[in-house]
Amino acid sequence: MQLSSPEYLLRLLKHLINHQNEVRQIHSILLTKGHLLFDPNSPPLSIWKPTLLYNTLIRAHLNFGQNHKTLHLFTRMLAHNAPPNAHTFPSLIKAATFSLPPSGTSLHGQIVRRGVLCDSFIQTSLLSMYSQLGDLLNARKVFDEISRPRVVEYNAMLDAFSRNGDLGSAVLFINRMSNRDVVSWTSVISGFSRSGLFREAIQFFREMIVHADVTTGLVKPNEATYVSVLSSCANLNEGGAFGLGKQIHGYIIRNEEALTVSTGTALVDLYGKKGYLKDAMKLFDQMVVRGVCTWNAMIFSFADNGREIQALDMFEKMRREGFLPNGITLLAVLSACARAKLVQIGLELFQAMWSEFQVLPIMEHYGCVVDLLGKAGLLGEAVEFIKSMPFDPDASVWGALLGACKIQGAIELGNEVGFKLFNFQPQTCGQYVTLSHINAGLQRWGPAADVRKALKMSGIRKVPASSWIDPM
DNA sequence: CTAGGGTTAG
């Protein structure tokens, strides 16, 4: 086979699909050889080559996380007259989900016009896209158009309910499904967890492991399930929650060989949040492979337990080992600085965020700096800092200032800020719901009552004992 | 194996 033939280059591309430099080189060879150009006069067997090549390139760039480039490749594809097929769209839909401005609806239009809407992969991708964009209505519409949904399609709809906080519907839905797999169960557990309903998440996990799905061996909890329920255990301040977490830890040790990045991090977080820093650190050291998230969990553990200096040391160590801090890392170190009143270091880190770490500060970081200045008694500076923000502060930022006013006894400013906060109350700050660290206490109780009612109505029983998980 | 879809943390 010729080294510059489209067949060979396609094979090469598939083989090196996760290697950015190689993909780029193959891409440029393909361009110079004209292999990406659709030629109606080529032999019938190779007429689809440009489409295949473009689909693979699109997939590669999606994997690289280059959503904009992924979508741009589609316009190049159209310009080269390479006809998109049903395989083209799932990757594009995924890229559109996470790119700004949203281009999902225009993709939806393209799909309809090209008559590939009946493809089940495309339907699931679209459903999932609307779900991730918080558009439950359109997600539902897509689902209702699916003629014979199977478990994957059901799961996508289930996840749409779960991740958008409609857990009542999620529970009703999963109960009505004739087949459930581990993804179905995990979707609901993580949905509860995401909504801050940790007790319900744990309860649902307990339901899962005594359900016929699991006892018959049809379904088995996996890493995603454990991570979700461990996170709920970490966040629920009840003795039983920690106990369950430790049981799961034991179970993982007995059954899986080594801790993965996800389970290891979830466990570091668990022990850290419960104040068992030695155990958290021991786990951290045991882990063979760590991720940025692992470091984040460890830094947060120190920061939240009054060991701010150790948190900052950990941050230095992380950088020495070549890890690039992300937005969460910065949040962890900024909160450590705030707690220890290390104003200078905190401000320097905030300044370095963009210039050194290429992390764009978001609302939470600003909230952290306000907290930092406020805790140190620099209320005037905190107010100035809020005024300098490039976007409007939300309730979490004003809340940080209010907290500082209380500590400092600044009654007048406190009243002013309190009034501003009062105006925020009726709003649902939906997109910040996950930012529980700073938003703690805000927007938590609304959905909870409804969900408990739905749980009750859906006939979830009291939890019997299980062979390896004790009832709480 | 033979392009593409659903679940995971801080």
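Only this structure's heavy atoms are used, side chains among them; waters, hydrogens and symmetry mates stay out. Keep in mind that what you see is a predicted model, and the values were worked out from it rather than measured. All chains are named by letter (A, B, ...) in the order of the sequence lines, taking the proteins before the strands, and each is independently numbered beginning at 1.
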Atom-pair distance (CH2 on A:W295; P on B:dA9), nearest Å: 22 Å

Spacing between A:F300 atom CZ and B:dG10 atom P, to the nearest angstrom: 9 Å

Touch class at under 4.0 angstrom, heavy-atom based, for A:N55 against every strand present: base

Atom-to-atom span, CG of A:L52 to C1' of B:dG4 - whole angstrom: 12 Å

N/O (side chain, A:S228) to phosphate O (OP1/OP2, B:dT8) under 4.0 Å: no

Any donor-acceptor N/O pair under 3.5 Å between B:dG4 base and A:D119 side chain: yes

Sugar-phosphate, base or nothing in reach of A:N63, heavy atoms under 4.0 Å: nothing

Test applied, side chain to side chain donor-acceptor pair (under 3.5 Å); reference residue, A:N296; option that passes from A:D269, A:T265, A:N326: A:N326

Aromatic A:F242 / basic A:K246 pairing, under 6.0 angstrom, 45° off normal: yes

Sugar-phosphate, base or nothing in reach of A:S120, heavy atoms under 4.0 Å: base

Parallel, tilted or perpendicular: rings of A:F204 and A:F192 (30°, 60°): tilted

B:dG5 base / A:Q123 side chain donor-acceptor hit below 3.5 Å: no

Cation-pi check, A:R290 onto A:F284 ring (under 6.0 Å, within 45° of axis): yes

N/O (side chain, A:R59) to phosphate O (OP1/OP2, B:dG4) under 4.0 Å: yes

